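Single-structure report; data block below.
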Amino acid sequence: MKTILIVEDDISLNKGIMLTLARDGIAIRQAYDLAAANKLLLEEPIDLIILDVNLPDGSGLDFCEQVRRRSRVPIIFLTANDLEADIVTGFELGGDDYITKPFSLMVLRARVMAVLRRMEPQNEDQWTIDHLSFDFGKMDFRKHGQPLLLSRTEQKLLKVLVANRGIILTREQIMDKVWTHEAEFVDENALTVTVKRLRAKIEEEPSSPKYIKTVYGLGYIWSEGNRT
């Protein structure tokens, strides 16, 4: 379970971020000023902070500097200031990412998940997600402990999706990674067929997938599951 602290005084934006990020495996704590944020940091472990720069009781930049004296918790700044000097200052003070307003909540979610992934010491060849276990090094794939027989193409597709979980991948990006140098010669329908076959093997209900979801007009996303 990861815990994210949202420090944003705009109540509707704070709620919107919370609703976008809240899911299995992620707990949300909300603060509307620095005093409340500091209290929450002292009360429980926080895995990532989404921090507005301009807050009623001070600067998020100053708060970041204070936090960095005692913690390496990842910090993503939110701000209306898009000046290059402000962005550089944010990074120099220890920020891990910097997002200027207005922004897409889905883009924010993708960047949050990317930062969390960078902080995880993990073997990218071995994954256990819910009742699924994947060992790409040994080419051993299981569902509820029972072996899954996956083709090499299905294995490549699966690894691309789980390694980028929470991130929307376009069809072009996936084809480039799965078929590498042959992507331009492969019929786009090949991806659709491979996705369908993989869903049939790993999903409980392939017609209503929990993991491999279609993002219409864009591509696919591995959207659920807790890695253990």
Side-chain angles (χ1 to χ4, degrees), residues 1-122 163-169 213 215 218 221-228:
M1 174 71 75
K2 298 291 185 183
T3 301
I4 295 176
L5 171 60
I6 304 169
V7 189
E8 167 61 63
D9 62 320
D10 184 319
I11 295 175
S12 61
L13 179 56
N14 196 315
K15 182 178 180 180
I17 296 171
M18 182 270 292
L19 293 174
T20 300
L21 297 177
R23 62 173 193 155
D24 292 343
I26 293 181
I28 302 294
R29 301 292 179 265
Q30 294 171 275
Y32 302 98
D33 55 40
L34 295 176
N38 193 54
K39 183 172 183 294
L40 285 167
L41 276 176
L42 295 174
E43 290 176 347
E44 63 179 303
I46 299 295
D47 296 292
L48 183 144
I49 302 172
I50 296 174
L51 179 61
D52 188 20
V53 168
N54 300 307
L55 290 152
D57 55 348
S59 166
L61 295 172
D62 293 338
F63 184 69
C64 174
E65 190 173 18
Q66 295 168 19
V67 170
R68 278 291 170 262
R69 293 171 188 161
R70 63 181 191 267
S71 172
R72 289 302 307 165
V73 59
I75 296 174
I76 297 178
F77 285 111
L78 300 180
T79 178
N81 300 328
D82 60 356
L83 296 177
E84 185 176 281
D86 293 328
I87 297 173
V88 171
T89 299
F91 283 119
E92 288 180 341
L93 291 174
D96 294 88
D97 205 346
Y98 201 106
I99 301 177
T100 56
K101 302 174 183 177
F103 55 84
S104 159
L105 287 173
M106 291 309 296
V107 169
L108 171 64
R109 184 180 186 279
R111 290 169 77 164
V112 165
M113 299 309 296
V115 171
L116 287 176
R117 278 198 305 278
R118 290 201 299 268
M119 302 305 294
E120 293 178 357
Q122 59 187 30
N164 293 279
R165 65 196 186 283
I167 297 176
I168 298 171
L169 296 175
K213 293 194 175 182
V215 182
L218 291 176
I221 183 172
W222 183 284
S223 66
E224 294 287 345
N226 302 321
R227 183 177 183 181
T228 58

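Remember, it's a predicted structure, so these values are computed and weren't measured experimentally.
In plain terms, the two heavy atoms of Arg111 and Ile76 that are nearest each other are O-CD1, 4.2 Å. Considering all non-hydrogen atoms of both residues, Asp52 and Leu78 come closest at OD1-O, 2.9 Å. Here the closest non-hydrogen pair linking Gly16 and Leu105 is O-CD1, 3.9 Å.
Tyr32 contributes atom OH, which lies 8.5 Å from atom CD1 of Ile6 (distance to the nearest 0.5 angstrom). Rounding to the nearest 0.5 Å places CZ of Arg72 at 6.5 Å from CG of Asp96. Atom-to-atom distance recorded for Phe63:CZ and Ile49:CD1 is 5.5 Å, nearest 0.5 angstrom. Residue Lys39 holds its NZ atom at 9.0 Å from CG of Leu42, rounded to the nearest 0.5 Å. Considering CG of Leu34 and CG of Leu41, their distance stands at 10.5 Å, rounded to 0.5 Å. Remark: Leu93 CG to Asp62 CG distance equals 8.0 Å, nearest 0.5 Å.
Listed for the Asp33 side chain is a donor-acceptor partner under 3.5 Å among the backbone atoms of Ala36. With hydrogens and angles ignored, the 3.5 Å screen pairs no side-chain donor or acceptor of Asn14 with any backbone N or O of Asp9. Using modelled atom types, no side-chain atom of Asn164 and backbone atom of Leu169 make a donor-acceptor pair closer than 3.5 Å.
For the pair Lys101 and Glu8, the salt-bridge criterion is met [side-chain N within less than 4.0 Å of a carboxylate O].
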Does the pair Val115 and Leu48 meet the rule for a side chain to side chain contact (heavy atoms under 4.5 Å, CB included), with working shown? CA-CA 8 Å; Val115 171; Leu48 183 144; 3.6 Å; yes
